[in-house]
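Below is one structure, written out as structure tokens; the observations come after it.
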Number of protein chains: 2
Amino acid sequence: MTPSGASAQQPPSRRIAEDLRRQIETGTLRSGAKLPSERKLAEQYGAARNTAREAVRLLAEQGLVTAKHGSGVFVRTPQRLFRFGSDRYSLKNRETGLTPFRLEAKRQGKVARIEVPSIERERPPADVAERLGVPADDESVVHRENHYFADDEPVQIVSTYLRWDEAQGTLLMQRKTGKDGIYGRLQDLGHVMTRVRDEISARMPTPEEAAVLELLPGVPVLEVLHTSLDQDGVPFEVSRYVHRADQTGLLYELPVEQED
Amino acid sequence: MTPSGASAQQPPSRRIAEDLRRQIETGTLRSGAKLPSERKLAEQYGAARNTAREAVRLLAEQGLVTAKHGSGVFVRTPQRLFRFGSDRYSLKNRETGLTPFRLEAKRQGKVARIEVPSIERERPPADVAERLGVPADDESVVHRENHYFADDEPVQIVSTYLRWDEAQGTLLMQRKTGKDGIYGRLQDLGHVMTRVRDEISARMPTPEEAAVLELLPGVPVLEVLHTSLDQDGVPFEVSRYVHRADQTGLLYELPVEQED
DNA sequence: TCTAGCAACTGGCTCAAGCCAGATGCTTGA
DNA sequence: TCAAGCATCTGGCTTGAGCCAGTTGCTAGA
């Protein structure tokens, strides 16, 4: 009999992957369920182990499934998203004395932890230099790298860039930046955050990012290039946020400009 | 000699991938350049073809290279991003008579084309029902599916959901919706877009999305769940945007709430 | 001069076999 | 009773072989 349907002329690995995908989507294989082992799948479908393995890899690439060395392959449980709202920059939130991340974590009932692996004077990346209005061929910025954890799970990597001439010799060069964090110190310097510009993109993580964020295959990252502008429209801080996309989302709520 | 450094105890496929990655990042392999063939790589590194192949796959997963059947593997050229600014909702732009997408395309010197594969009455997905304030167990919405192209390249898939009781019998059920598009008709119905809520996440595409958007392996999608609120704070339209992340970015510019 | 067709490249996919390493639970000896 | 250790699961990774299907450019014949 000639096989019919869309799955007919597909290679075996795809056919197996499609079959499993359907089982996951229809609930035959529930969230958290264990798939048959690679060897069993191969036997069931009359294919080589490598072919079954390839099918599993395809599913993992789509983020549907995750393999655990030694124990099996499991249907991934959708994680509740850790949402970063656009009001995280709101000055009203300063009153709480919490930084935006701690605030967001608290709101979602998680324990926040922040590591500061490095604070160094550096030459800025081209995109940062452009937005901060500093020379790219000069050690014109201070780069603060932060790693953020919620309930001990790594959630995001943040690289903050500040003008060296402003940060030099201030608390901005220290791990502990005092009340209201770096934004408090920047306000002391006369910068009131008045507008923000967030440029958002998505991509696959670099191997380093995957390691820090403990990312499984098939999980992309959200990158936000954030610029803070003060009351005079001067950019005074640029940060690059790298979020794991399987646990993080962004939320922007904004008014629509009316016609006159 | 015992091999030293981080690459020492790594499996061969990773070692090869790392090596190629370094060559790409240092410019030894420039953008658009052709990598050695799988068979040549295998020979160079003294590995099996499958191992070299696995290394190439790792790079493709990271979005660094792209394979062309029959001709070779090439270093991917970073595409200029098609940015969707938050002012795309601005009512001022209505004056141009262009829909947000056409406007954005024109701004970037590209030719926009929009296909409308289907307009149907449906039961809304749970997340849409919740945001639009309609029952999820009823055919309470009209679903308009649109595919957007820029210079004939597919850029985004948009699913727009409107209340069935409002759309029934109006131009909202037609392909041609008249002046100012659906937002014009919704305004006729008394809904002035006053606030928007965009929920952003990133993930790997489904096979269907990958097909429509002609996505190469290693390219994630940006998903925006958009809600339009009118002058009374009533949600009157929900859209799900699925953007290809290799050519698309989002831009949000917004004022920061001040403390009193 | 042109073109049809072929050879020799490319990646796509599979197979069958093997060794390694993590996880797990049973068994056996203290 | 308890714990050490081992058998036997699991996925991780490699090998080397083979066939298929796009692509490309040369070559021979009209």
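Reckoned from all heavy atoms, side chains included, excluding hydrogens, waters and symmetry mates. Order of the sequence lines sets the chain letters (A, B, ...), proteins ahead of strands, with each chain counted from 1.
Ring geometry, B:Phe84 versus B:His243: the interplanar angle falls from 30° to 60°, so the pair is classed tilted.
We find that A:Glu25 and A:Arg22 are not joined by a salt bridge, their nearest charged nitrogen and carboxylate oxygen being 4.0 Å or further apart. With salt bridges taken as basic N to acidic carboxylate O contacts below 4.0 Å, one links B:Arg131 and B:Glu199.
B:Lys34 comes within 4.0 angstrom of nothing in the nucleic acid, heavy atoms only.
Along DNA chain D, the stretch of nucleotides lying under 4.0 Å from any heavy atom of chain B spans, 5' to 3', D:dC13 to D:dT23.
Under 3.5 Å, the side chains of A:His143 and A:Glu122 contain a donor-acceptor pair of N or O atoms. For B:Arg203 and A:Gln62, the side-chain atoms include no donor-acceptor pair closer than 3.5 Å. Using a 3.5 Å distance cut-off with no hydrogens or angles, the side chains of A:Tyr252 and A:Asp198 do pair a donor with an acceptor. No side-chain donor-acceptor contact under 3.5 Å links A:Glu18 and A:Gln10. No hydrogens or angles considered: a donor-acceptor pair under 3.5 Å links the side chains of B:Thr77 and B:Ser31.
The CZ-C1' distance, from A:Arg14 to C:dC13, rounds to 10 Å in whole Å. Between A:Ile16 atom CD1 and C:dC13 atom C1' there is a gap of 12 Å when expressed in whole angstrom units. Distance NE2 (A:His69) to P (C:dC20): 13 Å, rounded to an integer number of Å. As rounded to whole Å, 10 Å separates atom P of C:dT10 from atom CG of B:Leu41. For the pair B:Glu38 CD and C:dC13 P, the interatomic distance rounds to 11 Å; values are reported in whole Å.
Under 4.0 angstrom from either OP1 or OP2 of C:dT10 there lies no side-chain N or O belonging to B:Ser71.
Within residues 43-66 of chain A, the residues approaching DNA chain D are A:Arg49, A:Asn50, A:Arg53, by heavy-atom distance under 4.0 Å.
Heavy atoms of other residues, nucleotides or ligands lying less than 6.0 angstrom from CD of A:Glu43 number 12 at most.
Closest to the B:Ser37 side chain, of the nucleotides C:dC13, C:dT14, C:dT10, is C:dT10.
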